[in-house]
Amino acid sequence: MDTRESKTPQEEYEHLREVRMPEDYEHPEPDAEQPEAQRPAKGWHWLLLAVAVVTGLFLAYRLMSVAWL
């Protein structure tokens, strides 16, 4: 973390240039300072889908067993 009070004119210019540059939504690139953003998901979405399906089947079973009584 930069704790200096003031920036050099070059640092101030670079900061303003970065802030004013519009976000490129068509060609997004992971930030080099965030290596976790560059790694793809490791299959958690499949686990979430499986849990959702199992939960749905369980709820359907419980509703059908209550309806038969």
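Note that the structure is predicted; figures quoted are calculated from it, not measured.
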The side chain to side chain contact (heavy atoms under 4.5 Å, CB included) partner of L57 among V53, L59, V54 is V53
Would E14 and R17 satisfy side chain to side chain contact (heavy atoms under 4.5 Å, CB included), going step by step from the backbone distance to the final call?
CA-CA 5 Å; E14 289 294 324; R17 191 172 63 97; 2.9 Å; yes
Check for me, please, whether V66 and F58 land in the same ILVMFWY cluster - side-chain distances under 4.5 Å, paths through other members count.
no
So, for V51 and T55, which heavy atoms are closest and what is the spacing to 0.1 Å?
O-OG1, 2.7 Å
